[in-house]
Amino acid sequence: MNHESTPVVATPTAEHHREPFGIGESQPRISWKTIAPTGWSQQAYQLEIARADGTHLTDWVVSEDSVLVDWPDRPLTSREPAEIRVRVRGSDAGVGDWSPALRLETGLLEPTDWSAHAISPPRHPLERLDGERRPPLLRKDFQTGKEVERARLYVTAHGLYEIEINGRRVGDHTLAPGWTSYDHRLRYQTHDVTEHLRAGDNTIGAWLADGWYRGRLGFGGGYSDLYGDRLALIAQLEIVHRDGTRTTIDTDTSWRAAHGPIVSSGLLDGETYDARDEQPGWSSPGFGDSDWASVDIVPRDPQTLVAPTGPPVRCTEEIAPAQVTVLDADRLLVDFGQNLVGRIRISVTGPAGHTVVIRHAEVLQDGELCVRPLRDALSTDRYVLQGGDRETWEPRFTIHGFRYAEITGWRGGDPRRDIVARVHHTDMARTGWFACSNDQVNRLHENVVWSLRGNFVDLPTDCPQRDERLGWTGDIQVFAPTAAFLYDCHGMLASWLRDVAVEQHDDGTVPWYVPAIPGGPQWTPARPGAGWGDVVALTPWALYQDSGDTGLLAAQYDSARRWVGLLTELADPSGLWNHGYQLGDWLDPSAPPEDPGAGRTDRHLIATAYYAWSARHTAWIAGVLGLEEDCQRYEELAHRVRQAFIDAYVLPSGLMTSDTQTAYAVALQFDLLPGPAARTTAGDRLAELVAGGGHTIQTGFIGTPLVTPALSTTHHVDTAYTLLLQQDCPSWLYALKHDATTIWERWDSMLPDGTVNPGEMTSFNHYALGAVAQWLHTTVAGLTAAAPGYRDIAFRPRPGGGITWADAAHESPYGRVAIRWELHASGIKVHTTVPTGATARIEWPDGGVTTLAAGTTTTWRPERPTERPASPTRHD
Ligand code: RAM
């Protein structure tokens with residue numbers, strides 16, 4: 001085959017790993033992307049697996065599949081490296097070159113692989129010093145007599161850890177091992193530490209801190225010791241020598257412990273560090289640790305140790321101060337120009353014992369930090385100077401949500417050089433982009449991205465700043481489609497959904513937030529809540545739409561089934577879920593600040609709608625999994641609940657019992673109306689309500705992601721644009737008047753008069769209301785997955801709102817999908833990019849369809865587009 005028509009395969013990937021090192025799958029599924037000339041399609045593929053015992057070549061597999069194909073060889077064993085290459089054959093029978101190799105390595109796959117014990121500093125005198133629980137250091141000296149070929153560190157902790165070997169930090173993870181349902185699943189991390197070791201004397205040391213394991217968490221004062229009251233380290237350092245022999249250094253009773261320079265550290269409260277207490281050389285050989293204490297072994301079942309499925313949290317960006325104001329002699333107010341999540345690093349010079357205090361806040365009030373929204377989170381870091389030359393410090397085991405910092409006792413030089421905000425979050429690959437001719441809409445989109453970054457810190461949280469920061473199920477349920485477009489969050493969310501399933505109650509109730517911790521009588525014990533519990537059926541499906549990962553559906557199916565089974569018991573015989581505690585359309589702007597659930601839409605209308613929608617999704621999941629009987633049973637259930645919904649909430653006139661935007665949006669988007677005529681009536685009424693409300697928002701968490709799609713699929717795209725572009729409160733763009741750089745929890749977290757909303761729940765960094773971004777992607781730009789994983793793509797641009805061009809791109813499992821449209825006086829010009837392996841078409845606003853081949857195409861459609869009649873159901 002000649003060179004020009006040769007397909008080029010990029011480096012394959014394994015599962016959803018960005019860094020396939022220390023993975024937990026013995027049979028990882030493999031994916032690859034091909035770039036090939038227009039018209040080419042894959043007919044067959046071949047995989048080559050290089051393992052220690054030789055290179056295995058599969059037969060040619062006749063298949064068009066390239067996403068998450070089954071592992072083709074015998075299962076990998078623990079600690080096993082492998083290299084995988086792919087080549088493909090096309091319709092013309094020509095064979096392409098081998099792809100570059102994917103190098104992966106498994107972690108410890110069997111509980112019996114673990115020889116390390118969980119070791120803890122002794123309770124006395126280390127742990128409770130003057131009522132403090134001072135974070136400890138642990139260390140061990142060891143010898144490597146023989147030359148080192150390679151070395152791996154498998155490590156985790158009760159609490160948070162950082163490791164040093166021979167004075168050098170291992171890896172760059174933040175807040176490891178992250179937060180999982182620790183009693184069931186504790187993640188360990190794998191590091192290649194070959195370069196850290198040297199022949200002869202070596203030392204391994206660990207910092208530990210409370211983190212989520214035993215630090216104070218939760219609202220209303222919170223709770224400490226939620227998982228136990230003893231920190232512990234589990235570390236297994238496996239060294240393979242040049243001669244093939246092995247040495248393993250485990251955490252055991254030969255390790256020693258002492259206080260470190262961290263005086264206190266909490267995720268909510270911040271960290272205090274006394275540099276005078278540093279012990280130089282503590283993690284290097286030759287340090288005398290005779291006055292360090294011995295350690296105890298504490299229980300940890302190795303069955304619960306799991307490898308990560310997603311990337312770690314790490315620093316992804318540094319931001320210099322945008323503005324620094326000197327408040328008084330010793331106090332600086334720093335504005336980073338961006339509400340972010342992370343920590344501040346300072347460089348200072350001053351006398352020993354001098355303390356620099358850093359307080360954080362998202363907003364100002366009267367020129368000072370406004371910390372009331374933080375509630376009981378102190379978010380204060382303190383650095384006590386050693387008194388040497390320039391001292392540089394960033395806290396290790398805390399994290400804050402802030403745009404502003406007040407620094408008292410500043411002893412640095414130029415603040416723009418000596419103060420930097422370091423942004424930390426799960427280091428997912430960016431996969432989605434959007435821009436258009438309207439700068440405010442672009443800023444709104446940028447704010448969504450920042451709220452995603454700030455709240456994807458190992459688990460999907462509601463907020464990153466106050467004494468909460470919990471994995472609220474409802475928030476990610478509404479936001480998951482947006483998140484999956486913008487970032488590759490599949491590995492991270494797959495882990496979190498495992499935790500949701502393990503924490504689901506025996507009767508099927510899904511906790512309000514996962515990991516579940518006590519939350520006062522409103523939240524504990526958990527009660528089944530519509531929109532929140534439905535995460536177990538809707539979010540796996542949303543992720544599947546983006547990734548095509550049927551394995552995730554299989555893993556989560558039982559959880560979805562148990563939830564829908566519970567709803568079937570709770571519902572009345574007709575299928576209505578019309579009793580019990582519900583949050584309704586949470587944070588509907590008409591709800592009073594102190595009662596965010598008191599929205600205008602009947603809570604039980606929402607509950608039955610979600611019941612029908614989850615039953616429908618469970619049927620779809622069963623269908624994909626080939627469970628025909630289940631599929632039919634859940635379809636029938638969904639149909640019955642739908643009918644009950646219609647009978648109870650849709651009046652003969654076509655209006656609904658709750659004459660609200662959320663009610664119509666839910667009914668339209670969840671396919672809960674009797675037919676096309678009823679859809680038209682509902683769409684028209686929704687548009688009337690939006691116009692009647694002066695095109696301001698009247699929806700909360702439930703209605704907000706649905707209202708613009710409900711309008712645009714019922715012939716009211718102009719109304720949707722007017723709503724999108726509204727600037728008065730409440731609206732998406734209102735927040736920009738107050739210089740918002742993230743999405744707020746409330747439409748009016750900042751009131752029009754510039755004061756902070758008096759509600760006790762007022763975050764400035766909450767992604768739920770940012771779910772509108774998915775409408776920007778799918779409808780304003782017009783980039784939609786018409787089949788799971790973007791194997792079929794529908795470009796459905798719906799220009800409006802005076803926007804003259806828009807573009808969106810998504811890095812799909814097949815490769816980059818992109819669209820840019822531009823309005824011209826005589827028509828619309830659309831540039832599209834379709835990856836090899838996908839089919840695609842443009843569905844024009846007037847109903848016309850243009851079929852596209854893979855590759856980049858420019859399509860010109862004369863005349864301005866007009867809308868076409870409503871499409872019957874929503875499947876995006
Ligand atoms: C608050 C937050 C969160 C929401 C719950 C119900 O704590 O607003 O986002 O899901 O309430």
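Just follow the structure's listing: the first ligand is 1, and inside any ligand the first atom is 1. In this text the structure is predicted, and so the values were computed from the model without any measurement. Computation of the quantities below employed the complete heavy-atom set of this structure, encompassing side-chain atoms and omitting hydrogens, waters and symmetry-equivalent molecules.
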**Message:** Assess, by modelled atom type and distance only, whether the side chains of R498 and T180 contain a donor and an acceptor separated by less than 3.5 Å.
**Reply:** no
**Prompt:** Taking heavy atoms and a distance under 4.0 Å, where does F701 meet ligand 1: side chain, backbone, both or neither?
**Reply:** side chain
**Prompt:** Among protein heavy atoms, which sits nearest to atom 10 (O) of ligand 1, and what does the distance come to when rounded to 0.1 Å?
**Reply:** D475 OD1, 2.6 Å
**Request:** Would you kindly specify which portion of W512 sits under 4.0 Å from ligand 1, judged on non-hydrogen atoms: side chain, backbone, both or neither?
**Result:** neither
**Asked** At a 4.0 Å threshold, what atoms of ligand 1 neighbour a non-hydrogen atom of W532?
**Response** 6 (C), 10 (O)
**Prompt:** Looking at atom 2 (C) of ligand 1, what's its closest protein heavy atom, distance included?
**Reply:** E745 OE2, 3.3 Å
**Message:** Under a plain distance cut-off of 3.5 Å, with no hydrogens placed, do Q522 and Y581 share a side-chain donor-acceptor pair?
**Reply:** yes
**Request:** Within a distance under 4.0 Å of any heavy atom of D462, pick out the atoms of ligand 1 and give their elements.
**Result:** 2 (C), 3 (C), 7 (O), 9 (O)
**Item:** Under 3.5 Å side-chain donor-acceptor pair for H766 and N455
**Value:** no
**Asked** N/O of W523 under 3.5 Å from N/O of ligand 1, yes or no?
**Response** no
**Prompt:** So does D381 pair up with R343, basic N to acidic O under 4.0 Å?
**Reply:** no
**Fill in**
among protein heavy atoms, the one nearest atom 7 (O) of ligand 1 is E468 OE2, 2.3 Å
**Prompt:** Any side-chain donor paired with an acceptor under 3.5 Å for T309 and R187?
**Reply:** no
**Asked** Backbone, side chain, both or neither: what part of L470 comes under 4.0 angstrom of ligand 1, heavy atoms only?
**Response** neither
**Message:** Does any part of the side chain of N765, heavy atoms only, come nearer than 4.5 Å to the side chain of L340, both counted from C-beta?
**Reply:** no
**Prompt:** Do T618 and Y557 meet the criterion of a side-chain donor-acceptor pair at a distance under 3.5 Å?
**Reply:** no
**Request:** Using non-hydrogen atoms of the residue, decide whether Q522 is closer than 4.0 angstrom to ligand 1.
**Result:** no
**Complete:** For L583, the ligand 1 atoms with a heavy-atom partner under 4.0 Å come out as 6 (C)
**Item:** R443 CZ to T741 OG1 distance, which is reported to the nearest 0.5 Å
**Value:** 5.5 Å
